[in-house]
Amino acid sequence: MAEQLSLWELISNASFLVQVVMVLLFLASVFSWMMIVQRGLYLRQAHGLFRKFEQTFWSGVDLNELFRESNEKAQNNEMMSGSESVFRAGFREFNRLAQRGSTDPEAVMEGTERAMRVALSREEEKLNTSLPFLASVASTSPYIGLFGTVWGIMQSFRGLANVQQATLAVVAPGISEALIATAMGLFAAIPAVLAFNRYSAQSENLFSSYQTFAEEFSSILHRRVHSKS
């Protein structure tokens with residue numbers, strides 16, 4: 001009766017190249033899960049901070065007081081909502097241009113909106129951090145695993161040339177070793193692609209909310225600067 005090989009024995013008996021492929025896929029899977037957890041926590045916190053800032057902003061709070069609190073958070077390196085960063089950048093530029101005595105409202109608004117666009121770009125970069133890595137793992141891991149499988153099967157068939165009688169018992173262990181590489185590739189790719197799709201949608205929705213807030217805040221400042229002129 002043939003002895004049944006364990007998973008570890010199949011991995012340890014695989015050829016050197018297939019083992020290298022397995023190690024690469026294992027590392028890709030570990031880093032992928034680290035990114036998945038980190039991104040999940042970050043996006044959840046960012047969404048909560050956005051809701052909290054929206055409630056504070058539209059509660060009728062004094063904008064100068066809100067700006068002062070935002071500056072204190074920035075000085076203490078506290079995480080703040082993306083919309084709060086946009087507000088801070090826009091209101092700081094608005095006050096700076098107004099204090100310089102600029103009499104052209106359009107020039108004031110142009111500078112303010114430019115500052116908010118820069119802040120929006122930075123927030124978009126933060127939201128999309130690590131997503132390219134997840135996309136790379138999702139798209140390349142199955143192919144890397146398939147390469148290890150093809151190579152392992154080639155080595156198995158080459159080994160048949162050295163035996164007198166080719167039986168399934170001789171070929172099966174080599175094929176099993178090779179197929180582990182494909183399984184590991186799929187194990188790394190499936191969570192990565194699911195996380196990438198979910199986090200991409202969440203990041204896009206959150207960034208769209210930041211853009212909407214920037215437009216609304218711009219309208220408020222527009223009314224304020226024209227009321228002074």
Side-chain angles (χ1 to χ4, degrees), residues 1-48 79 82 121-210:
M1 184 175 178
E3 184 181 357
Q4 188 173 6
L5 295 175
S6 67
L7 182 63
W8 174 249
E9 287 175 323
L10 290 174
I11 295 174
S12 60
N13 292 332
S15 66
F16 176 73
L17 185 59
V18 176
Q19 287 181 337
V20 170
V21 168
M22 291 177 182
V23 170
L24 287 175
L25 291 173
F26 176 76
L27 293 176
S29 181
V30 170
F31 283 111
S32 175
W33 274 105
M34 290 172 61
M35 299 295 178
I36 289 172
V37 173
Q38 190 272 336
R39 280 289 91 190
L41 294 174
Y42 176 83
L43 289 174
R44 183 177 180 180
Q45 188 175 10
H47 185 76
M79 182 175 176
S121 297
R122 289 174 179 163
E123 293 305 316
E124 186 177 23
E125 290 179 5
K126 291 179 184 176
L127 291 174
N128 292 329
T129 300
S130 302
L131 292 184
F133 176 80
L134 291 178
S136 298
V137 172
S139 60
T140 60
S141 292
Y143 294 107
I144 295 174
L146 184 60
F147 168 72
T149 297
V150 171
W151 183 266
I153 291 176
M154 286 172 55
Q155 296 301 310
S156 297
F157 280 108
R158 286 181 62 186
L160 289 178
N162 300 323
V163 299
Q164 296 293 330
Q165 185 177 4
T167 62
L168 185 59
V170 174
V171 181
I175 295 177
S176 297
E177 294 164 9
L179 287 175
I180 292 177
T182 297
M184 291 184 70
L186 294 175
F187 181 76
I190 291 173
V193 71
L194 291 175
F196 174 78
N197 290 335
R198 179 176 175 80
Y199 293 162
S200 294
Q202 288 182 343
S203 298
E204 188 174 340
N205 290 336
L206 206 48
F207 184 68
S208 178
S209 299
Y210 294 166

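The shown structure was predicted, so the numbers you read here are calculated from the model rather than taken from an experiment. Along the sequence shown, residues carry numbers from 1.
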**Student:** Taking OH in Tyr42 as the centre, count heavy atoms belonging to other residues, nucleotides or ligands within less than 6.0 Å. Is the count above 12?
**Tutor:**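 Yes.
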**Student:** Count the heavy atoms belonging to other residues, nucleotides or ligands that lie under 6.0 Å from CZ of Phe207, then report whether that count exceeds 12.
**Tutor:**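 Result for CZ/Phe207: enclosed.
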**Student:** So how far is it from Leu43 CG to Asn205 CG, rounded to the nearest 0.5 Å?
**Tutor:**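 Result: 10.5 Å between the selected atoms.
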**Student:** Between atom CG of Leu179 and atom CD1 of Ile153, what is the distance when rounded to the nearest 0.5 Å?
**Tutor:**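 CD1 of Ile153 is found 5.5 Å from CG of Leu179.
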**Student:** Looking at Gln38 and Ser130, what are the two nearest heavy atoms and their distance?
**Tutor:** OE1-OG, 4.3 Å
**Student:** Tell me every residue that passes ring pair (Phe, Tyr, Trp, His ring centres under 6.0 Å) with Tyr210, counting only those two or more places apart in sequence or in another chain.
**Tutor:**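 Ring pair (Phe, Tyr, Trp, His ring centres under 6.0 Å) check on Tyr210 returns Phe50.
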**Student:** Say whether, by atom type as modelled, one donor and one acceptor occur between the side chain of Ser208 and the main chain of Glu204 under 3.5 angstrom.
**Tutor:** no
**Student:** To the nearest 0.5 angstrom, please state how far the NZ atom of Lys126 sits from the CZ atom of Arg122.
**Tutor:** 8.5 Å
**Student:** Can you give me every donor-acceptor pair (side chain of residues 16-25, partner residue at least two apart or in another chain, under 3.5 Å) with its distance?
**Tutor:**
residue: Gln19; atom: NE2; partner: Ile11; partner atom: O; Å: 3.0
residue: Gln19; atom: NE2; partner: Ser12; partner atom: O; Å: 3.0

**Student:** Working to the nearest 0.5 Å, report the span between CG of Asn197 and CG of Leu131.
**Tutor:**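 If we round to the nearest 0.5 Å, Asn197:CG and Leu131:CG are 10.5 Å apart.
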**Student:** Write down the atom of Val193, the atom of Ile190, and the distance for their closest heavy-atom approach.
**Tutor:** CG1-O, 3.2 Å
**Student:** Counting N and O atoms only, with roles assigned by atom type, does the side chain of Arg39 sit under 3.5 Å from a partner on the main chain of Leu127, one being a donor and the other an acceptor?
**Tutor:** yes
**Student:** For Ser32 and Ala192, work out which heavy atoms get closest and say how close.
**Tutor:**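 Reported closest heavy-atom pair: OG-CB, 3.7 Å.
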**Student:** Side-chain atoms of residues 133-141: list all donor-acceptor pairs with protein atoms under 3.5 Å, sequence neighbours left out, distances to 0.1 Å.
**Tutor:**
residue: Ser136; atom: OG; partner: Pro132; partner atom: O; Å: 3.0
residue: Ser139; atom: OG; partner: Ala135; partner atom: O; Å: 2.9
residue: Ser139; atom: OG; partner: Ser136; partner atom: O; Å: 3.3
residue: Thr140; atom: OG1; partner: Ser136; partner atom: O; Å: 2.6
residue: Ser141; atom: OG; partner: Val137; partner atom: O; Å: 2.8

**Student:** I'd like to know if the side chain of Thr129 reaches the main chain of Glu125, judged simply by a donor and an acceptor atom lying under 3.5 Å from each other, with no hydrogens or angles considered.
**Tutor:**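 Looks like yes, one N/O pair under 3.5 Å.
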**Student:** Could you tell me if the side chain of Asn128 sits less than 4.5 Å from the side chain of Glu124, heavy atoms only?
**Tutor:**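 In contact.
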**Student:** Show your reasoning for whether side chain to side chain contact (heavy atoms under 4.5 Å, CB included) applies to Tyr199 and Gln202.
**Tutor:** CA-CA 5 Å; Tyr199 293 162; Gln202 288 182 343; 3.6 Å; yes
